[in-house]
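Ligands are counted one by one from 1 in listed order, and the atoms in each one are counted from 1 as well. Numbers here simply count residues along the sequence, with the first being 1. Predicted model, so just to flag it, every value in this text is computed and none were measured.
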Amino acid sequence: MTAATAVTRGGTPWTPIYVEAIDSKVCIGCGRCFKVCPRDVLTLQDRGDDEVDDDWDDEDAKAMMVVHNAMDCIGCGACGRTCPKGCFKFVEA
Ligand code: SF4
Ligand code: SF4
């Protein structure tokens, strides 16, 4: 499939990168990505006890970010740029 191409206001082409997945094992639930997303694509979800591995060492990470509205993603990539843990995986359309 050919990647979708958009243009900046100045006419420069760029390729949107759509959120495909968030690595729940790495996410610390900081909320940075949620704050920058302009499309309400992401939501914070409580970790059940089953989600916490034996080697989990961050007591504060009781929640993780998940994708709940993937079809509204515009592919801006802001969430990935603000994530301190490199949780995001993107895909071109
Ligand atoms: S790529 Fe942009 S629109 Fe899509 S989830 Fe990330 S911040 Fe939201
Ligand atoms: S910015 Fe990264 S670490 Fe923070 S909540 Fe989002 S996915 Fe998790």
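Atom 7 (S) of ligand 2 has Phe88 CE1, 3.6 Å as its closest protein atom, hydrogens excluded (heavy atom only). Shortest contact from atom 2 (Fe) of ligand 1 to any protein heavy atom: Cys76 SG, 2.2 Å. Scanning the protein for heavy atoms near atom 8 (Fe) of ligand 2, the closest one is Cys27 SG, 2.4 Å. The single protein non-hydrogen atom nearest to atom 4 (Fe) of ligand 2 is Cys30 SG, 2.2 Å, given as residue, atom name and distance. With respect to atom 3 (S) of ligand 1, the closest heavy atom belonging to the protein is Ile74 N, 3.6 Å. Summary of contacts: the protein heavy atom closest to atom 6 (Fe) of ligand 1 is Cys79 SG, 2.3 Å. Closest protein heavy atom to atom 1 (S) of ligand 1: Gly77 N, 3.1 Å.
You'll find the side chain of Lys85 reaches within 4.5 Å of the side chain of Ile28, heavy atoms only. Inter-residue side-chain proximity for Phe88 and Val19 is flagged as met; some heavy-atom pair is nearer than 4.5 Å. Using a 4.5 Å heavy-atom threshold, the side chains of Arg47 and Lys62 count as separate. Contact of the Tyr18 side chain with the Cys76 side chain is not registered, since no non-hydrogen atoms from C-beta on lie closer than 4.5 Å. Side-chain contact check for Pro84 versus Cys30: some heavy-atom pair is nearer than 4.5 Å.
Listed by number with element, the atoms of ligand 1 under 4.0 angstrom from any heavy atom of Cys37 are 3 (S), 5 (S), 7 (S), 8 (Fe). Shown in contact with Val19 at under 4.0 Å from a heavy atom are these atoms of ligand 1, numbered in order with element: 5 (S). Set against the non-hydrogen atoms of Gly29, the atoms of ligand 2 under 4.0 Å away are 5 (S), 8 (Fe). Applying the 4.0 Å criterion to heavy atoms of Cys83 picks out, from ligand 2, the atoms 1 (S), 2 (Fe), 3 (S), 7 (S). Of all atoms in ligand 2, numbered sequentially from 1 with element shown, those under 4.0 Å from a heavy atom of Ile28 are 3 (S), 8 (Fe). If you number the atoms of ligand 2 from 1 as listed, the ones under 4.0 Å from a heavy atom of Cys87 come out as 2 (Fe), 3 (S), 7 (S). Near Pro84, the atoms of ligand 2 lying under 4.0 angstrom from a non-hydrogen atom of the residue are 1 (S).
In this structure, Arg32 contributes its side chain and Cys83 its backbone to no donor-acceptor pair below 3.5 Å. Between the side chain of Arg39 and the backbone N or O of Asn69, no donor-acceptor pair lies under 3.5 Å.
With a cut-off of 2.8 Å, atom 6 (Fe) of ligand 1 has no N, O or S atom of Cys73 in range.
Linking Ile, Leu, Val, Met, Phe, Trp and Tyr whenever their side-chain heavy atoms come within less than 4.5 Å puts Val67 and Phe34 in one cluster.
Residue Leu42 forms a side chain to side chain contact (heavy atoms under 4.5 Å, CB included) with just one option from Val36, Ile22, Val66, and that option is Ile22.
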Next item on the list: Take Asp40 and Asp72 through the side chain to side chain contact (heavy atoms under 4.5 Å, CB included) test and state the conclusion after the steps.
Entry: CA-CA 8 Å; Asp40 196 25; Asp72 263 357; over 6 Å; no

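For Phe34, the heavy-atom gap to ligand 2 stays at 4.0 angstrom or more.
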